[in-house]
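Quick notes on the structure that follows.
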Amino acid sequence: MHSPLAPGQGEEKKRGERREGVPTGDNPGSMELLSTPHSIEINNITCDSFRISWTMEDSDLERVTHYFIDLNKKENKNSNKFKHRDVPTKLVAKAVPLPMTVRGHWFLSPRTEYSVAVQTAVKQSDGEYLVSGWSETVEFCTGDYAKEHLAQLQEKAEQIAGRMLRFSVFYRNHHKEYFQHARTHCGNMLQPYLKDNSGSHGSPTSGMLHGVFFSCNTEFNTGQPPQDSPYGRWRFQIPAQRLFNPSTNLYFADFYCMYTAYHYAILVLAPKGSLGDRFCRDRLPLLDIACNKFLTCSVEDGELVFRHAQDVILEIIYTEPVDLSLGTLGEISGHQLMSLSTADAKKDPSCKTCNISVGR
């Protein structure tokens, strides 16, 4: 049975705590003490919900009128102690048959560790509560965004993607040492590496998918890649058809911003049947490569033509190693704009353009 719970009823709980285990009402001793809940089980965990059940004495089943649930985000040892801490969430729910579902994006975040304990209570005629002792505390971790959540993000990204511009190359900017290492230690190959935690906290790709990042955005006035870069002054360029063609699947992975006017969309290019393709198939929305709002590959006059969205910055993850001999490497003439780096970038949780009504 689904039972949405709302925080903010802590005063009811406090009244119960003051009288824990003490008979209340006009006739002291008229109410037997409640047993302490035990054997908590948590399952069906999503990015913003979980199912919980526990065991209590049969004699309590018909008496209990309310549940108190103490839900706390597990403290991050690396958190900034001077920032506002998350306030522990005390939830109050009317008693329903167990298991029950706890859900709510206003207090549950995706991919986050929580601890939970429960207490049962009987609300009496005078408004006071007879309460049990607190159960043992158990821990669990919420899940990633599901496909339907990513579809919501995709829809939001599509609303601002803008018109499509032609391009011809994917490019990767980095320091000279990075490319030297690929040549001397990696067989002249750019090797996939694990994606960092930039972007939406609930993205299934963060810390899970291996790939090589590329860009494809062009300058409106020249149709060429920009000469500035936040990642280094050396650029590897590869013809678009080498990475993106009818043998490639394209997936939508994320949409976010970093407290700026710029919005980023992460897409995944995975050769069909590859390990990366199998990873994405069950987790990410699949895009039609010839017709979508972000990145297209279509046949025109017998040739492959490539287009990218004008008004979002695309980050492309290619899931396989890339041979440097398939492209060209050279130094760019522009500046290294470190402020535009998305490495471990944190998403702005207050942005109405790129947040959805699930998780945080």
Side-chain angles (χ1 to χ4, degrees), residues 1-75 84-143 349 357-360:
M1 181 174 182
H2 295 278
S3 179
L5 302 181
Q9 303 182 50
E11 185 56 35
E12 288 187 322
K13 181 177 182 300
K14 290 176 182 176
R15 290 202 302 269
E17 285 181 330
R18 290 199 299 268
R19 307 182 67 87
E20 179 172 341
V22 179
T24 62
D26 297 332
N27 183 15
S30 63
M31 183 69 73
E32 294 181 8
L33 300 183
L34 292 168
S35 62
T36 299
H38 60 92
S39 303
I40 293 180
E41 293 187 6
I42 294 178
N43 50 43
N44 288 36
I45 300 170
T46 71
C47 67
D48 72 335
S49 69
F50 61 93
R51 283 175 71 82
I52 185 171
S53 64
W54 60 84
T55 301
M56 50 187 165
E57 298 297 330
D58 292 342
S59 59
D60 293 342
L61 293 175
E62 294 185 1
R63 293 197 297 149
V64 168
T65 61
H66 288 79
Y67 303 142
F68 299 140
I69 299 180
D70 185 9
L71 180 66
N72 292 285
K73 184 180 292 186
K74 197 170 179 183
E75 184 177 354
H84 173 71
R85 289 188 179 185
D86 291 294
V87 178
T89 305
K90 305 297 189 292
L91 310 175
V92 181
K94 289 186 176 180
V96 296
L98 298 175
M100 63 180 289
T101 297
V102 179
R103 71 171 73 252
H105 71 272
W106 56 89
F107 56 83
L108 282 172
S109 299
R111 199 183 282 196
T112 302
E113 292 184 323
Y114 290 92
S115 64
V116 64
V118 299
Q119 187 180 45
T120 59
V122 178
K123 189 172 186 178
Q124 299 174 94
S125 58
D126 61 359
E128 298 287 347
Y129 285 95
L130 174 74
V131 297
S132 72
W134 282 103
S135 71
E136 75 274 21
T137 298
V138 298
E139 297 180 351
F140 69 98
C141 185
T142 48
S357 59
V358 63
R360 280 193 300 186

task: For E139, enumerate each residue passing the salt bridge (charged side-chain N to carboxylate O under 4.0 Å, His left out) test, keeping only those at least two apart in sequence or located in another chain.
output: K74
message: Within the 4.5 Å heavy-atom criterion, are T46 and L108 side-chain neighbours or not?
response: no
Looking at [X] and [Y], what are the two nearest heavy atoms and their distance?
| X | Y | answer |
| --- | --- | --- |
| I40 | V138 | CG2-CG2, 3.7 Å |
| S135 | P37 | CB-O, 3.2 Å |
| L98 | S53 | CB-CB, 4.2 Å |
| T112 | P110 | OG1-O, 2.8 Å |
| E128 | D126 | N-OD1, 3.0 Å |
| G133 | Q119 | O-CG, 4.0 Å |

- request: Would you please indicate yes or no on a ring centroid separation below 6.0 angstrom for F68 and Y129?
  value: yes
Hey, could you give me the [atom1]/[atom2] distance between [X] and [Y], rounded to the nearest 0.5 Å?
| X | Y | atom1 | atom2 | answer |
| --- | --- | --- | --- | --- |
| D70 | W134 | CG | CH2 | 4.5 Å |
| T65 | K94 | OG1 | NZ | 9.0 Å |
| T142 | D48 | OG1 | CG | 8.5 Å |
| K73 | E113 | NZ | CD | 11.5 Å |

query: Can you tell me if CD on E136 sees more than 12 non-hydrogen neighbours from other groups inside 6.0 Å?
result: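 More than 12 heavy atoms, drawn from other residues, nucleotides or ligands, come within 6.0 Å of this atom.
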query: Between the side chains of S115 and T137, does any donor sit under 3.5 Å from an acceptor?
result: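 Result is no, nothing qualifies.
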message: Between T101 and N44, does the side chain to side chain contact (heavy atoms under 4.5 Å, CB included) criterion hold? Intermediate values first, please.
response: CA-CA 9 Å; T101 297; N44 288 36; over 6 Å; no
message: Applying side chain to side chain contact (heavy atoms under 4.5 Å, CB included) to I69 and V116, what does each step give before you reach the verdict?
response: CA-CA 7 Å; I69 299 180; V116 64; 3.5 Å; yes
Show me the donor-acceptor pairs within less than 3.5 Å that the side chains of residues 54-62 make with the rest of the protein, sequence neighbours left out.
unit_1: D60; atom_1: OD1; unit_2: R63; atom_2: NH2; d: 2.9
unit_1: D60; atom_1: OD2; unit_2: S35; atom_2: N; d: 2.8
unit_1: D60; atom_1: OD2; unit_2: S35; atom_2: OG; d: 2.4

task: Give a yes or no on whether the backbone of L91 and the side-chain of Y67 come within a donor-acceptor separation of less than 3.5 Å.
output: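 No, Y67 side chain to L91 backbone: no donor-acceptor pair under 3.5 Å.
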Whether S132 side chain and T120 backbone form a donor-acceptor pair below 3.5 Å: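 Here the side-chain-to-backbone pair exists.
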